[in-house]
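Below is one structure, written out as structure tokens, with a few remarks after it.
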Number of protein chains: 2
Amino acid sequence: MLTKARALAAGQLAKAAGVNLETIRYYETIGLMPAPPRTPGGHRVYDDVHVRRLAFIRRGRELGFSLEEVRALLILNDPRQGSCAEVKDIAAMHLTEVRRKLADLTRLESILAASVASCTSEPLASCPVLDMLEL
Amino acid sequence: MLTKARALAAGQLAKAAGVNLETIRYYETIGLMPAPPRTPGGHRVYDDVHVRRLAFIRRGRELGFSLEEVRALLILNDPRQGSCAEVKDIAAMHLTEVRRKLADLTRLESILAASVASCTSEPLASCPVLDMLEL
DNA sequence: CTTGATCCCGTAGTGGCTACGGGAGGCAAA
DNA sequence: TTTGCCTCCCGTAGCCACTACGGGATCAAG
């Protein structure tokens, strides 16, 4: 006997995947999550397939992929069609973007740190933070 | 004779400060930029004070301050009232946030880099990027 | 006076959710 | 069975910081 896929209510799925209930509904409206079957009363009923898909999405989001990138990755992942190169392209593109942001933030950090550090907290006439912005 | 503040049209101000025209109008509607005088025909007329203020805002934004933080900094900067400590608080808070993002992105970068690097581009059955998301 | 660039304004759209609110479903204890 | 309470339903609006669109008015140069 195969283990039956257990049925989950929306809130349970949310908890299982670490996502807000409203977020699931949102993913459904934009077509990222499939519309699940319902109880006679209209409540959504999910199973393990949904849990895995939602977890996939959440991990993608945590790695900074946009929802559209996640959408593309989901298609490539199911049923692992297309080429690995396509996946690599998306990830590499994203990596480039991450590195760009990293460089920006690093520069930012040193500027802010320097100006905050040289802030003597007393007269506002020559505040290094404001001076930086003033010119 | 003092040098007269030269009058600028909206587009010229935009160019001078490196900001979009629409962005200036947006800043005006949210009260970040003052409503300037107008020509009889209704076109906005700016001067050097506006240029400096807009440049201040733009630099603040480049350093990642939110518009509300910029708004607070503008008040403290003009006419340099309040304490330097207030400015420092805003900047230090922002610096903390920048460092948090920096840490996140650094972690992200190594995960993505590793999984992209180990991508052999051939069979999709075991794609390291997808595997990472799949579980 | 005509031409062509600029500027006007209001509105709607972007991404990725989150919040709100009133009503209905579901389930367990009494 | 009734009561109570939690969960879920749906649609809509809001968040941030702009950006885009479009049709009409104005401006400066020739």
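The sequence lines fix the lettering, A, B, ..., with proteins before strands; numbering per chain opens at 1. Every value quoted in this text rests on a predicted model; they were computed, and no experiment measured them.
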Distance check needed: [N] [atom2] versus [X] [atom1], whole Å only.
| X | N | atom1 | atom2 | result |
| --- | --- | --- | --- | --- |
| A/Met33 | C/dG16 | CE | P | 17 Å |
| A/Leu54 | C/dC17 | CG | C1' | 14 Å |
| B/Leu21 | D/dC18 | CG | C1' | 13 Å |
| A/Ile30 | C/dG13 | CD1 | P | 17 Å |
| B/Lys15 | C/dA5 | NZ | P | 12 Å |
| A/Leu67 | C/dC17 | CG | P | 5 Å |
| A/Arg25 | C/dA19 | CZ | C1' | 11 Å |
| B/Leu32 | D/dA17 | CG | C1' | 11 Å |

Please tell me which of the listed nucleotides, [options], lies nearest to the side chain of [X]?
| X | options | answer |
| --- | --- | --- |
| A/His43 | D/dT7, C/dC7, C/dG10 | D/dT7 |
| B/Arg38 | D/dC8, C/dC9, C/dC17 | C/dC9 |
| B/Arg44 | D/dC18, C/dC8, D/dC8 | C/dC8 |
| A/Thr23 | C/dT18, C/dC8, C/dG16 | C/dT18 |
| A/Ala9 | D/dC8, C/dG16, D/dC18 | D/dC8 |
| A/Glu22 | C/dT18, D/dC18, D/dC8 | C/dT18 |

Open item on the list: Using the side-chain hydrogen bond (donor to acceptor under 3.5 Å, both in side chains) definition, which of the options A/Arg100, A/His94, A/Arg99 pairs with A/Glu97?
Closed with: A/Arg100
Open item on the list: Which is more 5' along DNA chain C, the nucleotide nearest A/Tyr26 or the one nearest A/Gly42? Just name the residue.
Closed with: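 First, find each residue's nearest nucleotide; the 5'-ward one identifies A/Tyr26.
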Under 3.5 Å donor-acceptor, [X] side chain and [Y] backbone:
| X | Y | value |
| --- | --- | --- |
| B/Arg59 | A/Leu133 | yes |
| A/Asn20 | A/Glu22 | no |
| A/Arg25 | A/Thr29 | no |

- [ ] Would you please confirm or rule out a distance under 4.0 Å between OP1 or OP2 of C/dG25 and any side-chain N or O of A/Thr39?
- [x] no
Open item on the list: If you compare every side-chain N and O of B/Tyr27 against the phosphate oxygens of D/dA17 (OP1, OP2), does one of them come in below 4.0 Å?
Closed with: no
Open item on the list: Just to be sure I understand the rule, does A/Gln12 reach a base, reach only the sugar-phosphate, or reach nothing, if contact means heavy atoms closer than 4.0 Å?
Closed with: sugar-phosphate
- [ ] Look at all strands and tell whether A/Arg61 reaches a base, only sugar-phosphate, or nothing, counting heavy atoms closer than 4.0 Å.
- [x]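 Sugar-phosphate contact only.
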Open item on the list: Let me confirm one number: the CZ-CG distance from B/Arg107 to B/Leu102, rounded to the nearest 0.5 Å.
Closed with: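 Those atoms lie 12.0 Å apart.
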